[in-house]
Amino acid sequence: MCGALRASDAGKKVVLMGWVNRRRDLGALIFVDVRDRSGVTQVVFSGERNAAVHQKGELLRNEFVIAVIGTVKLRDSDTINKNIPTGEVELVADELRILNEAKHPPFLPGDTALANEEMRLKYRYIDLRRDAMQFNIELRHKVALAIRDYLASQGFFEIETPFMTRSTPEGARDYLVPSRVQPGTFYALPQSPQLFKQILMISGFDKYFQIVRCFRDEDLRADRQPEFTQIDLEMSYPQPERVWETVEGFLTAAFRAAGHEIKTPFPRMDYDEAIRQFGIDKPDLRLPAFTEVRDCFTPEDLEQLAINQDLPVLAIRIPGVGELSRKERDDLKPLFISKGGARIFEDFKRIESKFAGASTKIRQKSGAAPEDLIVLVVGSAQSGKDDHPAQKRKVTPAELAIYASAGLMRVALGQKYAAKHGLFKRGDYRFLWVTNFPMFEYDEADKRWVAAHHPFTSPHDEDMDKLESDPAMVRALAYDVVLNGTELGSGSIRIHRQDIQRRIFHALGMTEEEAKSRFGFFLEALEYGTPPHGGIALGLDRVVMILAGADSLREVIPFPKTAAAKDLMVDAPTPVTDAQLRDLGIGVVKKQS
Ligand code: ASP
């Protein structure tokens with residue numbers, strides 16, 4: 001093991017096998033750093049000591065694979081390398097075998113400057129040799145193993161579910177697999193094992209988990225991959241708290257495996273409260289919450305500023321940003337995404353000069369230090385008068401628009417001024433459970449209610465009677481686990497009664513026939529003695545990404561896809577032969593662009 005040699009090994013005869021990481025030829029002495037998964041050791045080829053082996057050492061080039069037999073020697077004190085664990089020793093070569101040569105690679109694993117990402121993905125096998133990637137993949141292994149161990153210790157079975165299946169309703173497009181045996185029919189790759197895990201509860205396996213690949217054909221963003229890995233679990237007879245405890249347990253184990261202790265239980269917050277305080281359902285608790293500052297203004301102030309008196313007036317505070325120049329303030333404007341007529345006051349100085357009373361109160365109420373940035377987000381005078389089907393909700397749609405606009409701005413400012421506020425410290429993990437989501441969302445385009453989660457999510461018992469009469473007010477027994485502004489996972493208590501499942505499909509505007517043709521097998525299974533059950537799924541890739549301090553999922557997935565869903569190494573997807581298509585009974589139609 002190249003990374004394992006220590007001073008105490010001095011005098012031992014050892015064999016090292018690995019890659020040539022770096023070679024320095026000083027004439028009589030050749031130094032070669034040999035690398036494997038465990039690290040590097042410096043090997044010395046000395047012409048004086050062994051002319052034949054020194055001569056062979058001259059042939060070595062970067063990334064050759066070699067075996068060296070030699071004697072471990074303590075380095076002279078002035079050549080000790082404190083930066084590597086093997087820095088006190090070197091191996092003096094007695095014998096060298098070149099196991100394989102290597103073409104000069106497009107970039108070297110030891111390069112300090114990173115190659116561009118396309119190159120890295122095309123030559124992924126070289127990229128994976130880099131220290132950082134070796135670390136990330138090992139971390140991923142340790143985290144997955146800790147999760148498996150923990151869940152097994154709690155009586156969960158890991159049970160596999162099919163990849164070739166029917167479409168499941170997670171809301172994205174399916175990847176389809178054509179059937180050759182039954183031409184014209186298709187399997188779908190699962191968006192998640194949702195229905196299978198529910199069926200496993202019906203089958204009597206009361207604690208299931210699986211670290212499982214899921215497939216969703218979505219337009220990709222930085223933090224999405226067409227195939228990704230979930231930590232998926234389901235249990236029978238749980239209260240939500242049992243699911244939360246289980247998740248807290250395996251996350252504790254996973255974070256411990258990565259060297260971090262986390263505090264449980266995680267705080268919990270209702271969806272409505274998350275919106276009121278943070279304007280988003282995945283709040284980053286490292287930044288201050290909003291302060292509602294409507295009461296800091298007089299009614300005359302509000303009128304003069306054309307601020308809507310019936311909607312929230314929110315102060316976003318970002319600590320330690322300091323004074324902004326005119327240009328810097330102008331740069332903030334494009335960050336603001338206005339919903340429902342929301343407006344921004346990014347020039348708090350102006351408020352201070354014209355509305356001194358209000359600004360003093362705002363500073364006080366929000367606890368702002370002089371160097372803190374304050375930005376106000378308000379409703380414009382004309383907004384908020386619509387007649388929306390969700391008007392009776394605790395947070396009305398007009399209010400939601402203001403909160404949401406402010407929520408996005410808060411996140412954008414937090415990112416922009418990360419260096420100044422210094423609140424995004426590595427290792428500061430703020431978890432949160434967000435609960436009691438609305439069951440339905442109103443689709444403005446289609447003028448109908450759609451499921452906010454997947455349609456197997458149970459409504460709150462107390463809200464059951466409003467399913468038909470007042471869908472806006474029905475809350476779901478759904479929960480998300482959030483970490484530092486990232487949604488790690490979501491889950492719910494499920495519907496276990498067939499009659500209620502039918503009512504939900506109906507409330508979602510699905511006819512009896514539609515429901516039957518899509519989920520008939522599942523509706524039938526529900527009729528054969530289904531225990532109450534619930535579960536959750538968390539993104540493993542995201543957990544590892546956060547633990548690795550990486551800024552893209554691609555850094556923690558061995559063979560990821562690009563934003564265009566391509567695998568650059570194997571060059572997929574590709575066209576297939578006419579014969580293959582014929583076999584499948586498929587013709588390819590060119591898409592009109
Ligand atoms: N199947 C859901 C998802 O993948 C998670 C769950 O409800 O367990 O989003």
Side-chain angles (χ1 to χ4, degrees), residues 168-171 192 194-195 197-199 201-202 233-244 247 268-275 281-282 388-397 400 433-443 446-482 487 489-512 514-516 518-520 522-527 529-537:
T168 47
E170 250 67 45
S192 86
Q194 184 62 34
L195 291 180
K197 67 174 171 175
Q198 293 193 237
I199 285 175
M201 296 304 108
I202 303 176
L233 68 86
E234 196 76 8
M235 55 211 294
S236 292
Y237 314 108
Q239 297 296 317
E241 288 78 5
R242 277 293 298 132
V243 178
W244 303 347
V247 171
R268 295 157 193 184
M269 187 177 282
D270 271 6
Y271 164 83
D272 287 335
E273 201 47 39
I275 296 297
D281 59 4
K282 45 178 181 177
H388 192 281
Q391 201 55 36
K392 283 195 326 226
R393 278 191 179 159
K394 270 197 200 153
V395 177
T396 67
L400 181 62
W433 286 107
V434 179
T435 67
N436 290 324
F437 287 85
M439 180 83 184
F440 301 107
E441 271 163 13
Y442 195 68
D443 183 326
D446 284 1
K447 300 267 173 269
R448 66 185 186 93
W449 292 100
V450 294
H453 299 80
H454 53 67
F456 308 105
T457 302
S458 174
H460 261 273
D461 279 344
E462 313 92 87
D463 298 346
M464 233 29 128
D465 58 337
K466 300 187 205 118
L467 266 182
E468 288 82 12
S469 58
D470 200 358
M473 300 307 284
V474 180
R475 289 161 306 155
L477 280 174
Y479 32 79
D480 281 1
V481 57
V482 175
E487 181 203 307
S490 70
S492 57
I493 300 300
R494 324 295 183 188
I495 298 162
H496 65 279
R497 278 178 33 197
Q498 202 258 13
D499 54 333
I500 296 171
Q501 188 64 72
R502 270 182 208 280
R503 277 173 70 193
I504 297 290
F505 285 150
H506 185 73
L508 294 172
M510 226 185 273
T511 63
E512 190 92 359
E514 267 176 289
K516 228 177 165 160
R518 288 185 65 190
F519 308 118
F522 183 67
L523 286 171
E524 188 179 6
L526 284 178
E527 289 184 292
T530 301
H533 59 283
I536 192 163

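If you're wondering where the values come from, they're calculated on a predicted model, not measured in any experiment.
A salt bridge does not link R448 to D443: none of the charged side-chain nitrogens sits closer than 4.0 Å to a carboxylate oxygen. Ionic pairing of D480 and K282 is not present here: no N-O contact between side-chain nitrogen and carboxylate oxygen is shorter than 4.0 angstrom.
For L523 against A515, the heavy-atom pair with the smallest separation is CD1-O, 4.2 Å. Considering all non-hydrogen atoms of both residues, I202 and G529 come closest at CG2-O, 4.3 Å. The minimum heavy-atom distance linking A525 with T530 is given by the pair O-OG1, 3.5 Å. In this structure, D281 and V482 approach most closely via the heavy-atom pair O-CG2, 4.0 Å. Contact record, P389 with A472: O-CB, 3.6 Å, taken as the closest heavy-atom pair. The shortest non-hydrogen separation linking V243 to P238 is CG2-CB, 4.1 Å.
Looking at heavy atoms from C-beta onward, E512 lies out of side-chain contact with H506 at the 4.5 angstrom threshold. Side-chain contact between D272 and N436 is absent, with no heavy atoms from C-beta onward closer than 4.5 Å. In this structure, I536 and W244 have side chains that are not in contact, with every pair of non-hydrogen atoms separated by 4.5 Å or more. Using a 4.5 Å cut-off on side-chain heavy atoms (C-beta onward), V481 and E487 make no contact. Residues R475 and E462 meet the side-chain proximity criterion, which asks for heavy atoms closer than 4.5 Å.
In this structure, NZ on K394 lies 14.5 Å from CG on L400, to the nearest 0.5 angstrom. How far CD of Q501 is from CG of L526: 6.0 Å, rounded to the nearest 0.5 Å. For the atom pair CZ (R497) and OG (S458), the distance works out to 9.5 Å, reported to the nearest 0.5 Å. To the nearest 0.5 Å, atom CD of residue E527 and atom CG of residue D499 are 9.5 Å apart.
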Can you list the steps and then say if H454 with Q194 is a side chain to side chain contact (heavy atoms under 4.5 Å, CB included)?
-> CA-CA 9 Å; H454 53 67; Q194 184 62 34; 3.4 Å; yes
Test E234 against K197 for salt bridge (Lys or Arg N to Asp or Glu O under 4.0 Å), laying out the working first.
-> CA-CA 6 Å; E234 196 76 8; K197 67 174 171 175; 3.5 Å; yes
Stepwise side chain to side chain contact (heavy atoms under 4.5 Å, CB included) test for D463 and M473 | CA-CA 7 Å; D463 298 346; M473 300 307 284; over 6 Å; no
Worked check of side chain to side chain contact (heavy atoms under 4.5 Å, CB included) between T457 and I495 = CA-CA 6 Å; T457 302; I495 298 162; over 6 Å; no
Test side chain to side chain contact (heavy atoms under 4.5 Å, CB included) on Y479 and I493 and set out the steps.
-> CA-CA 9 Å; Y479 32 79; I493 300 300; 4.1 Å; yes
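Remark: T396 engages Q391, A398, E399 in a side-chain contact (heavy atoms from CB on, under 4.5 Å) (not counting sequence neighbours). F440 is linked by a ring-ring contact (aromatic ring centres under 6.0 Å, His included) to nothing, counting only residues two or more places apart in sequence or in another chain. For F522, the ring-ring contact (aromatic ring centres under 6.0 Å, His included) criterion is met by F456, not counting sequence neighbours.
In this structure, W449 and Y442 have perpendicular ring planes: the angle between them is above 60°, well past the 30° mark.
Within the 3.5 Å criterion, the main-chain N or O of R494 finds no donor-acceptor partner in the side chain of S492. At distances below 3.5 Å, at least one donor-acceptor pair connects side-chain atoms of R503 with backbone N or O atoms of M464. With H533 contributing its side chain and P531 its backbone, the two residues share a donor-acceptor pair below 3.5 Å. At distances below 3.5 Å, not a single donor-acceptor pair connects side-chain atoms of E273 with backbone N or O atoms of D270.
In this structure, F519 has its ring center under 6.0 Å from that of F505.
Q498 and R502 are linked by a side-chain donor-acceptor pair at a separation below 3.5 angstrom, with hydrogens and angles left out of the test.
Counting non-hydrogen atoms of other residues, nucleotides and ligands closer than 6.0 Å to NZ of K392 gives a total of 12 or fewer. Within a 6.0 Å sphere centred on NZ of K466, other residues, nucleotides and ligands contribute more than 12 heavy atoms.
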